[in-house]
Amino acid sequence: MKYFYLAAFCGVFLALIFEFVPGPAVSRRSPISPQFAETTEHLEVTAPTVPVHSDDMDHSQFSALETDAFEKIERAEHADPALNDPEGPPRTLFPVTAVLGRIAVALRENPALVPEGIAFYRRCATQDSDLFSVRAVCLRDLKYWENRSGAADDSDSLNVPPDVSRIVGLLPAARD
Amino acid sequence: MWKWIAVVLGCVGCSNQVGIAYDSSVPPDQQAYLQNDLVQLNSLSLPSNPNSGDSALLDMSSFSVSGLNSYISARTKYIIGENFDTNDNVGTIANGISYTPTLFSELGFASVQNTIPNNRRSAKLSDAGLSDSSSSSVETVMLNYGASIYLTGKQNSVIYSIQVAGNTITDNTPRVGIVQIGPGLFDNNELSNSPPNSLANSCLRLQTLFHESTHTNGNGANAGFPHAMCNSGPYSGYYACEGNLNGPYAIGRAFLTQCYYACSTCSPDELEGITTYLADLASRMLPGAQWSDDRPEMESP
């Protein structure tokens, strides 16, 4: 029985540590090898240049966010897959993910930005890029925002590669 | 708070709902994160119908938490750390074995075709083998170590044993169920706009566990469900695509889709992150992918 109490005590003690130590404390090997340093400095998720919450976001700030998105997409497209385990998600995808997430939040919090958001998603879906996964997310979101805003849904008439449409077909519908 | 207490108490006994045992090479904090992921798996409130067709991929008529647990527990028994020492822990049981593996099947045993198509192999499975992968510059996310060692043995006509979590395991099937954590699992596999222990990031790590668990499937040329070479896109020339409709990427996508619908606490940017991840998984499916026999093979020791 005393072992149970000892285990419980240790458990509570460790739990308290985990509760108050922020997540990134998890053991990590040296995150990036020196030979990747030059590349990864372009891959890091930088501090947002516009507010994460869009209450204060104006049109010019949203425009800056769009520019940021296309820059990150371009970097992701041209990153060497050998820089990370190609079986897993590319390291370069996560900065793109972060900025797309900020756009999704901005449109939900400020309906005045929706027309620009639709234009962004259309441009993103039809851009000349082999990063089909990102284009597919943009095409899905274009459909969602066109339907939600009552705009004419022209997504099916866009000139996108069949692979992009195929990926969209495997994605879950966007949630409110 | 109480969830974390339960998680860490669970670690004291190194047990969990799916019966996975951790090798001592897994750092305690990483164990705690993975334990939390499994707790999150058990607390998922799965949707009733979306993408129900995907459930057949995981041998379920419809998605259920118990079914997801069963899928993992049948395929992953041990988790080892990134510093697991192959030289110290892998031994030889038998040499000069002419592999004639049989299949796990309730219908009886069947012979296995062993002709490997030229267009299909896994760089990771064949390269990882018994070599020291720690010197690689690639940040591996996770690796099915047991299947990797099994395939190396099959190639070399050897049956290996593996010392893991205090047990000596005969590695005579890819279903042996030993998965290795790679440094990328925590460095390179999470949404930067979400805490590491969020449900969204747990879903991403669990997706990886479902992916690796599926590498225990298959037989003959398809033993371990190896990846196929990508013909186009950013992974062109890499063995990072999927030729099996029911292969690792497909299973990972099916699970993560359920997580997407089940994550009631996910913020819009977390959902967008999961969607982008899903799109990457979907992009790995080759147009000619086929449904493959997922029964694992086993060689008699």
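So you know, we letter chains A, B, ... as the sequences are listed, proteins then strands, and number each from 1. Just so it is clear, the values below take in all heavy atoms, side chains as well, and ignore hydrogens, waters and symmetry mates.
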Aromatic ring pairing Phe94(A)/Tyr277(B), orientation class (parallel under 30°, perpendicular over 60°, tilted between):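 Judged by the thresholds at 30° and 60°, the geometry between Phe94(A) and Tyr277(B) is perpendicular.
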field: ring pair (Phe, Tyr, Trp, His ring centres under 6.0 Å) partners of Phe132(A), counting only residues at least two apart
entry: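 Ring pair (Phe, Tyr, Trp, His ring centres under 6.0 Å) list for Phe132(A), sorted by chain: empty.
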query: Given that the side chain runs from C-beta out, which part of Arg166(A) has a heavy atom under 4.5 Å from chain B: side chain, backbone, both or neither?
result: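 Contact with chain B: side chain only.
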- prompt: Going by the disulfide (SG to SG under 2.5 Å) test, which pairs reach into residues 91-127 of chain A, not counting sequence neighbours?
  reply: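 Non-adjacent pairs meeting disulfide (SG to SG under 2.5 Å): Cys124(A)-Cys138(A).
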- request: Using non-hydrogen atoms and a 4.5 Å limit, figure out which bit of Leu204(B) sits close to chain A: side chain, backbone, both or neither.
  value: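 For Leu204(B), the side chain is the part near chain A, not the backbone.
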field: Segment of Leu278(B) engaging chain A (4.5 angstrom heavy-atom cut-off)
entry: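 When you check distances to chain A, atoms from both the backbone and side chain of Leu278(B) fall under 4.5 Å.
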- prompt: With no hydrogens and no angle check, do the side chains of Ser62(B) and Ser55(B) hold a donor and an acceptor under 3.5 Å apart?
  reply: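 The answer is no; no qualifying pair exists.
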task: Considering only heavy atoms and a distance below 4.5 Å, find which of Cys263(B), Ser267(B), Cys241(B) pairs most often with chain A.
output: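 Highest number of heavy-atom pairs under 4.5 Å: Cys263(B).
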Pair Arg122(A) + Glu146(A): basic N to acidic O under 4.0 Å: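 Yes, this pair counts.
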query: Among Thr97(A), Val164(A), Ile103(A), Leu131(A), which has the most heavy-atom pairs under 4.5 Å with chain B?
result: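 Highest number of pairs under 4.5 Å: Thr97(A).
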